[in-house]
Asker: 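Please see the structure below; I have some questions.
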Amino acid sequence: MPELPEVETTLRGISPVLLGRIISEVRVRNASLRWPVTDAVQQACGQLVSSVRRRAKYLLITLDTGGLMIHLGMSGSLRICDGDDQPRKHDHVDIVLDSGHCLRFNDPRRFGLLCWWKAPVDQHPLLRHLGPEPLQDSFSGAYLYQKSRGRRVAVKNFIMDGKIVVGVGNIYASESLFMAGIHPGRAAGRISAARYDALVAAIRDVLERAIAQGGTTLRDFAGTDGKPGYFAQDLLVYDRESAPCFQCGTGIRKKVIGQRSSFYCPKCQV
DNA sequence: CGAGGGACCTGGTTGC
DNA sequence: TGCAACCAGGTCCCTC
């Protein structure tokens, strides 16, 4: 489900509720996520939330002696509710606050993650090898061009590789490649610097617009208030197989690249 | 080192 | 209607 815009939407929803509060309880109903949720998360109890931020698709809640890290995987979501509310199916973990509010982690497929971390969090094994944030200046066409030399991997897989750049998932990879006029299956090492400039501009543009719309809801993504994201209506190629390209009218194609469905216009993307 | 595929899970949709 | 097959927004880990 969640790519960077959806995680950012979640961050903006949970931040104001968490900041300055003390965690009173961590309830683990089902510990079997991607990695088992260990007792270490209980260290959060009694600690003050001093910041909430995002690195890649990880949410980082900073506490006094460390913090909690959450990843939503493919199907995870967080919602704010009352600590006394009856849990629904797949509500695996509650982070209960001294305000009485509760951050409830729901994840049907259990590809998500919740763990305790100690500073410096950037040295955490899951974060250490991550590439730049796509919305920061260090991410540029020149950077992608340099990183891609000699690489034969399809450019779509290349930009979805978290070691290269974080946060670009399956939807926005297809979208940005269409906007830049680049065929998703083209070898990353055979794309010019100028075209990488266009691709970076497209990635930034699509991510920023998606964040502004509260993310993309295809099936089941919801913000912390339970409302869907509205970017799905702005998608140019994703999930539009056989529909006419908005630029030239040609039917949009669907093709599996790197085991993921990819959508593109065979005429506009070369 | 890079490339490619399997693994982890549940649930909704599709097709016979 | 029933049931099997396939598909889904992520990413780690193994092999070649």
Side-chain angles (χ1 to χ4, degrees), chain A residues 1-10 29-37 54-59 69-78 88-93 105-115 124-131 134 147-177 184-190 203 206-207 210-211 213-223 228-242 254-263:
Chain A
M1 163 204 7
E3 298 187 38
L4 187 147
E6 293 73 42
V7 178
E8 182 69 25
T9 296
T10 300
R29 275 183 218 87
N30 184 351
S32 62
L33 301 183
R34 192 164 107 214
W35 287 290
V37 181
R54 178 188 62 72
R55 169 70 175 119
K57 296 170 191 163
Y58 295 92
L59 291 164
M69 172 158 34
I70 298 172
H71 193 291
L72 301 176
M74 286 279 263
S75 58
S77 62
L78 290 169
R88 306 174 197 169
K89 197 170 188 185
H90 307 303
D91 279 346
H92 304 310
V93 180
F105 180 81
N106 182 286
D107 187 5
R109 290 176 73 179
R110 290 190 273 119
F111 286 176
L113 154 81
L114 171 74
C115 69
H124 192 282
L126 290 168
L127 305 185
R128 191 162 27 187
H129 301 294
L130 292 178
K147 281 286 196 183
S148 62
R149 292 309 89 184
R151 296 289 304 269
R152 284 179 295 178
V153 68
V155 62
K156 176 163 178 272
N157 297 337
F158 180 68
I159 59 172
M160 288 177 68
D161 180 349
K163 293 190 289 302
I164 301 300
V165 58
V166 301
V168 183
N170 203 37
I171 296 178
Y172 302 110
S174 277
E175 292 297 298
S176 58
L177 287 164
R186 174 170 284 272
R190 303 199 51 198
I203 290 171
V206 73
L207 292 179
I211 290 168
Q213 300 263 34
T216 298
T217 296
L218 285 180
R219 285 159 259 280
D220 55 7
F221 173 73
Y230 296 103
F231 195 68
Q233 59 202 34
D234 291 33
L235 295 175
L236 301 174
V237 289
Y238 190 86
D239 215 15
R240 293 194 64 241
E241 184 181 17
S242 302
K254 174 178 171 176
K255 184 183 178 187
V256 175
I257 299 174
Q259 297 148 281
R260 311 296 298 276
S261 289
S262 310
F263 299 84

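Keep in mind that the numbers below use all heavy atoms, side chains included, and drop hydrogens, waters and symmetry copies.
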Asker: Do A:Asn170 and A:Lys156 get their side chains close enough for a donor-acceptor pair, meaning under 3.5 Å?
Answerer: yes
Asker: Give me the atom names and distance for the closest heavy-atom approach of A:Ala154 to A:Pro184.
Answerer: CB-O, 3.5 Å
Asker: Using only side-chain N and O atoms of A:His90, determine if any of them is under 4.0 Å from OP1 or OP2 of B:dT10.
Answerer: no
Asker: I need the CG-P distance between A:Leu218 and C:dC7, as an integer number of Å.
Answerer: 16 Å
Asker: Would you kindly give the CG-to-P distance between A:Asp239 and B:dT13, to the nearest whole Å?
Answerer: 13 Å
Asker: Look through every strand shown and name the nucleotide pairing with C:dG9 as Watson-Crick or G-U wobble, where both distances are under 3.5 Å.
Answerer: none
Asker: Taking the side chain from A:Arg190 and the backbone from A:Arg186, do they hold a donor-acceptor pair closer than 3.5 Å?
Answerer: no
Asker: Could one point to a donor on the side chain of A:Arg151 or the base of B:dA3 with an acceptor on the other under 3.5 Å away?
Answerer: no
Asker: Side chain of A:Ser261 only, please: which of B:dG11, C:dA8, C:dG10 is the nearest?
Answerer: C:dA8
Asker: CZ of A:Arg260 versus C1' of C:dG9: gap in Å, rounded?
Answerer: 7 Å
Asker: Compare the ring of A:Phe111 with the six-membered ring in the base of C:dT11 and state whether they stack (centres under 5.5 Å, planes under 30°).
Answerer: no
Asker: Report the distance from atom CG of A:Leu126 to atom C1' of C:dC13, rounded to the nearest whole Å.
Answerer: 13 Å
Asker: Identify the heavy atoms of A:Arg54 and A:Leu4 that sit nearest to each other, and give their distance.
Answerer: NH1-CD1, 3.3 Å
Asker: Could you tell me whether the phosphate oxygens of B:dC9, OP1 or OP2, come under 4.0 Å of any side-chain nitrogen or oxygen in A:Ser32?
Answerer: no
Asker: Rounded to whole Å, how long is the line connecting atom CD of A:Gln259 with atom P of C:dT11?
Answerer: 15 Å
Asker: Using the C1' atom as the reference point in each nucleotide, state the distance between B:dT10 and C:dC13 in Å, no decimals.
Answerer: 22 Å
Asker: Looking at C:dC7, B:dG4, C:dT11, which one has an atom nearest to any side-chain atom of A:Lys57?
Answerer: C:dT11
Asker: Select one nucleotide: of C:dC7, C:dC13, B:dG11, the one nearest the side-chain heavy atoms of A:Lys89.
Answerer: B:dG11
Asker: Taking NZ from A:Lys163 and C1' from C:dT11, how many angstroms apart are they, rounded to a whole number?
Answerer: 9 Å
Asker: When the P atoms of B:dA3 and C:dG9 are considered, how many whole Å apart are they?
Answerer: 22 Å
Asker: With respect to the phosphate group of C:dG9, does any side-chain polar atom (N or O) of A:Tyr238 fall under 4.0 Å of OP1 or OP2?
Answerer: yes
Asker: Could you check whether atom CZ of A:Arg152 has more than 12 heavy atoms from other residues, nucleotides or ligands sitting under 6.0 Å from it?
Answerer: no
Asker: If the P atom of C:dC7 is compared with that of B:dG5, how far apart are they to the nearest Å?
Answerer: 15 Å
Asker: Which residue lies toward the 5' end of DNA chain C, A:Asn170 or A:Leu130, if each is placed at its nearest nucleotide?
Answerer: A:Asn170
Asker: Whole angstroms only, please: what is the CG-P distance between A:Asn157 and B:dG5?
Answerer: 10 Å
Asker: Just call it for A:Phe158: base, sugar-phosphate, or nothing, with non-hydrogen atoms closer than 4.0 Å on any strand.
Answerer: nothing
Asker: Roughly how many Å is it from CZ in A:Arg109 to P in C:dA8, rounded to a whole number?
Answerer: 10 Å
Asker: For the pair A:His71 and A:Tyr58, name the ring-plane relationship: parallel under 30°, tilted 30 to 60°, perpendicular over 60°.
Answerer: perpendicular
Asker: Can you tell me if the side-chain N/O atoms of A:Arg110 get under 4.0 Å from OP1 or OP2 in B:dT10?
Answerer: yes
